[in-house]
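Comments concern the structure below.
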Amino acid sequence: MRDLSWLLVLAEAGHVTDAATTIGTSQPTLSRALGRLEDELGVRVFERVSTGVVLTPDGEVVVEAARDLVGRDALLRATLANRLDPGTGLVRLAFLDSMATTLVPRLLGAFHAYAPGVKVVLSQEPAHEIRRDLDRGAVELGLTMEHAPGHAWSPVQQERLVVVVPPTHRLRHRKRVDLSELVDDELVTTPPGFGHSALVQGLMGEAGVSLRVSFESADLATIEGLVAAGLGVAIVPEAFAGLSGSVGLSLASAGASRTIGLTWRTDRPLAPPARLFLDFARDGSWSS
């Protein structure tokens, strides 16, 4: 890479002595570097003329490629330097759809104020895709509700779950309900395979009830909107209650909450910027 960068200086200067002065090396050292390149590539890059040197047709091809290679090398080094510098690096974070309008904006807003030089690249996806992206190194951290085997997991926030009902629902004036009181209602929930769906099914199983599913959506805000339109009832985090007119009711179930945590791979150390984000999120002072 050094020889290629020297080649670019020589192509710009058009004179070995001038290029050597610009680089800060001797003319013989620069000439030897040029000779190594020509020997390795099997072409002459420059022809000597009375005013210095000029590119041969093959040399023009070489210089064009050298510009690309030297530029890519500089970009690589800058990217790695940013990743290794916790104050100016890059964090790749995946999170569940259900956190897009609640936890994630608050956490990222607080972290940006704490470390404004760190860029956070976001991926919004289901839990199984978060696990996949962690395994293949596409993301460094994931916000999930599950502790997957082979991954570390640290709780970040606990959210209370409530039942949301339409504004005309028979129980709308109640403050607290038991799931058994909803057996005649239809359920709006996330599709099977989503962590929230498993949580809801677990709560209903504990209560010994089973509700027919009327609609499914991956987005909890959409679910709340469907409930407000009278298309069923739903179990959602408290922050979603009433967003578009639904009525939130406390649940009698003891386990009516969800714990959100950060997960990451344990077979390699986190880059400093990701470690900074993890420590910040785990500290919890941002949520007060």
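Index from 1, following the sequence. Computed from a predicted structure; not experimentally measured.
Contact check for Val165 versus Arg170: no side-chain heavy atoms found under the 4.5 Å cut-off. Residues Ser287 and Arg106 have side chains in contact (heavy-atom distance under 4.5 Å, counting atoms from C-beta outward). The side-chain heavy atoms of Thr189 and Ile235, taken from C-beta on, include no pair separated by under 4.5 Å. In this structure, the side chains of Phe277 and Leu108 come closer than 4.5 Å at one or more pairs of heavy atoms. Annotation: side chain of Pro237 is in contact with side chain of Leu161 (closest heavy-atom distance under 4.5 Å). A heavy-atom distance below 4.5 Å is not found between the side chains of Ile23 and Thr29. Residues Arg160 and Ser250 meet the side-chain proximity criterion, which asks for heavy atoms closer than 4.5 Å. By the 4.5 Å heavy-atom criterion applied to side chains, Leu270 and Leu141 are counted as neighbours.
A single hydrophobic cluster is not seen to contain both Leu249 and Leu220; linkage of ILVMFWY side chains at heavy-atom distances under 4.5 Å, directly or through other members, places them apart. Linking Ile, Leu, Val, Met, Phe, Trp and Tyr residues whenever their side-chain heavy atoms come within less than 4.5 Å places Leu41 and Trp6 in a single cluster. Under the 4.5 Å side-chain heavy-atom criterion for grouping Ile, Leu, Val, Met, Phe, Trp and Tyr, Val156 is connected to Ile130 within one hydrophobic cluster. No path of Ile, Leu, Val, Met, Phe, Trp and Tyr side chains, each step under 4.5 Å between heavy atoms, connects Leu182 with Val227, placing them in separate hydrophobic clusters. When hydrophobic clusters are built by joining Ile, Leu, Val, Met, Phe, Trp and Tyr residues whose side-chain heavy atoms come closer than 4.5 Å, directly or via intermediates, Leu251 is not grouped with Val236.
When all heavy atoms are compared, the tightest approach of Thr102 to Ala239 is CG2-CB, 3.8 Å. For the residue pair Ala110 and Trp286, the shortest heavy atom distance occurs at CB-CB, 3.6 Å. Nearest approach of Glu125 to Ala94, heavy atoms of both residues: OE2-CB, 3.6 Å. Counting all heavy atoms, side chain and backbone alike, Leu179 lies closest to Ala207 at CB-CB, 3.9 Å. The nearest pair of heavy atoms linking Arg172 to Pro166 is CB-O, 4.3 Å. The minimum heavy-atom distance between Arg92 and Gly137, with the atom names listed, is NH1-O, 2.9 Å.
Side chain of His196 to backbone of Met145: no donor-acceptor contact under 3.5 angstrom is found. Counting only distance, with no hydrogens or angles, the side chain of Arg265 and the backbone of Leu134 share a donor-acceptor pair below 3.5 Å. Side-chain N or O atoms of Ser253 include none that pairs as donor or acceptor with a backbone N or O of Ala256 at under 3.5 Å. Remark: the backbone N or O of Phe194 is not paired with any side-chain donor or acceptor of Ser197 at under 3.5 angstrom. Between the Glu38 side chain and the Val45 main chain, a donor and an acceptor come within less than 3.5 Å of each other. No donor-acceptor pair closer than 3.5 Å links the side chain of Ser154 to the backbone N or O of Leu262. A donor-acceptor contact shorter than 3.5 Å links the side chain of Thr263 to the backbone of Ala152. Thr259 contributes no side-chain N or O that, together with a main-chain N or O of Pro155, makes up a donor-acceptor pair within less than 3.5 Å. Between the side chain of Arg67 and the main chain of Leu8, no donor-acceptor pair closer than 3.5 Å is present. A donor-acceptor contact shorter than 3.5 Å links the side chain of Glu224 to the backbone of Ser246.
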* Asked: Can you list the steps and then say if Leu187 with Val200 is a side chain to side chain contact (heavy atoms under 4.5 Å, CB included)?
  -> CA-CA 10 Å; Leu187 181 69; Val200 169; 4.1 Å; yes

request  = Before giving the answer on side-chain hydrogen bond (donor to acceptor under 3.5 Å, both in side chains), spell out for Ser285 and Asp283 the whole-Å C-alpha distance, their side-chain angles and the decisive distance to 0.1 Å.
outcome  = CA-CA 6 Å; Ser285 59; Asp283 175 71; 2.4 Å; yes

Run the side chain to side chain contact (heavy atoms under 4.5 Å, CB included) test on Glu181 and Leu171 for me, step by step, so that the C-alpha distance in whole Å, both residues' side-chain angles and the decisive distance to 0.1 Å come before the verdict. CA-CA 9 Å; Glu181 299 178 81; Leu171 300 176; 4.2 Å; yes

Let me see the working for Gln27 and Thr17 under side-chain hydrogen bond (donor to acceptor under 3.5 Å, both in side chains), right down to the final yes or no.
CA-CA 6 Å; Gln27 180 177 335; Thr17 302; 2.9 Å; yes

Item to complete: Go through the steps for Gln157 and Met99 under the test side chain to side chain contact (heavy atoms under 4.5 Å, CB included), then give the verdict.
Response: CA-CA 11 Å; Gln157 178 174 281; Met99 304 169 191; over 6 Å; no

Report the C-alpha distance between Val54 and Phe46 in whole Å, list the side-chain angles of each, state the deciding distance to 0.1 Å, and finish with yes or no for side chain to side chain contact (heavy atoms under 4.5 Å, CB included). CA-CA 5 Å; Val54 295; Phe46 293 98; over 6 Å; no

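Residue Gln158 qualifies as enclosed at atom CD: its count of foreign heavy atoms under 6.0 Å is above 12. Few gaps surround CZ on Arg136; more than 12 heavy atoms of other groups in view lie less than 6.0 Å from it. A 6.0 Å sphere centred on CD of Glu60 holds more than 12 heavy atoms belonging to other residues, nucleotides or ligands. Enclosure of atom CZ in Arg174 by more than 12 non-hydrogen atoms of other residues, nucleotides or ligands within 6.0 angstrom is indicated.
Between Arg275 and Asp279 there is a salt bridge, since at least one side-chain N of the basic residue sits less than 4.0 Å from a carboxylate O of the acidic one.
Here the CZ-CG distance, from Phe215 to Leu231, works out to 5.0 Å after rounding to the nearest 0.5 Å. Note: Ser244 OG to Ile223 CD1 = 11.5 Å, rounded to the nearest 0.5 Å. Taking CG of Asp267 as the start and CG of Asp135 as the end, the distance is 8.5 Å to the nearest 0.5 Å. We find the CZ-CG distance between Arg36 and Leu7 to be 12.0 Å, quoted to the nearest 0.5 Å. The CG atom of Leu76 sits 9.5 Å away from atom CE of Met1, with the distance rounded to the nearest 0.5 Å. Of the inter-residue distances, the one linking Asp39 atom CG with Leu34 atom CG reads 9.5 Å to the nearest 0.5 angstrom.
For the residue pair Arg131 / Thr144, no side-chain donor-acceptor distance below 3.5 Å is found, with atom types taken as modelled. Judged by distance alone, the side chains of Ser180 and Asp178 do bring a donor and an acceptor atom under 3.5 Å apart.
The aromatic rings of Trp153 and His147 sit parallel, their planes meeting at an angle under 30°, below the 60° perpendicular limit.
Residues satisfying the ring-ring contact (aromatic ring centres under 6.0 Å, His included) criterion with Phe240, sequence neighbours excluded, are absent altogether. Considering only residues two or more places apart in sequence or on other chains, Glu64 meets the side chain to side chain contact (heavy atoms under 4.5 Å, CB included) condition with none of them.
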Show every donor-acceptor pair shorter than 3.5 Å between a side-chain atom in residues 112-124 and any protein atom, with sequence neighbours excluded, or say none if there are none.
unit_1	atom_1	unit_2	atom_2	d
Gln124	NE2	Asp97	OD1	3.0

